[in-house]
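Here is the structure we will look at, set down as structure tokens.
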Amino acid sequence: ALVTRNLAPAAEGWVWKTDSRLRWPSFIRLTEKQVANYLSSLTLPVLLIAAKQGYVSLDRSKNPRLAYLNNAKLMLAGGGHHFHMDGEIDKICATVKDFVNPS
């Protein structure tokens with residue numbers, strides 16, 4: 001789905017339509033104290049969904065930043081980096097729907 005959306009035909013074959021600047025490293029580098037202050041100041045509910053084979057861990061011993069979130073619901077979903085497209089899509093959709101519109 002991502003490749004189809006981000007490719008365009010060109011004389012030489014295919015080219016990426018995505019802005020190449022999106023692949024540049026961020027100019028903003030927060031210190032750990034700044035990250036802690038920012039995340040711990042959030043008062044709204046937070047839904048954090050991570051993939052079992054992804055980059056973000058929901059294991060508090062491996063991801064100490066989870067302790068900064070005061071009002072977070074955590075969900076571990078099957079899949080890898082693109083788990084929202086090739087993982088437990090129905091489960092993820094239901095979780096997001098319930099989070100946004102609680103009954």
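Basis for what follows: all heavy atoms, side chains included, without hydrogens, waters or symmetry-related copies. One-based numbering along the sequence shown.
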Residue pairs meeting ring pair (Phe, Tyr, Trp, His ring centres under 6.0 Å), one or both in residues 20-70, sequence neighbours left out, come to Y55-H81
At their closest point, which heavy atom of R29 faces which heavy atom of Q34, and how far apart are they? O-OE1, 4.1 Å
In short, S57 meets L66 closest at the heavy-atom pair O-CD1, 3.9 Å
More than 12 heavy atoms from other groups under 6.0 Å of [atom1] on [X]:
X: I28; atom1: CD1; value: no
X: N71; atom1: CG; value: yes
X: K17; atom1: NZ; value: yes

Taking only residues two or more places apart in sequence or in another chain, which ones pass side-chain hydrogen bond (donor to acceptor under 3.5 Å, both in side chains) with T43? none
Looking at residues at least two apart in the chain, or sitting in another chain, which of them share a side-chain hydrogen bond (donor to acceptor under 3.5 Å, both in side chains) with D59?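 side-chain hydrogen bond (donor to acceptor under 3.5 Å, both in side chains) check on D59 returns S61.
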Indicate yes or no: at least one non-hydrogen side-chain atom of V46 is less than 4.5 angstrom from one of L39. no
Between V96 and I49, is any pair of side-chain heavy atoms under 4.5 Å apart?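 In contact.
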Run the side chain to side chain contact (heavy atoms under 4.5 Å, CB included) test on R60 and L74 for me, step by step, so that the C-alpha distance in whole Å, both residues' side-chain angles and the decisive distance to 0.1 Å come before the verdict. CA-CA 11 Å; R60 291 185 185 276; L74 308 177; 3.9 Å; yes
For the hydrophobic clusters of this structure (ILVMFWY residues joined by side-chain heavy atoms under 4.5 Å, transitively), does one cluster hold both M75 and F99? yes
Examine distances only and state if a side-chain atom of N70 and a backbone atom of S40 form a donor-acceptor pair shorter than 3.5 Å. yes
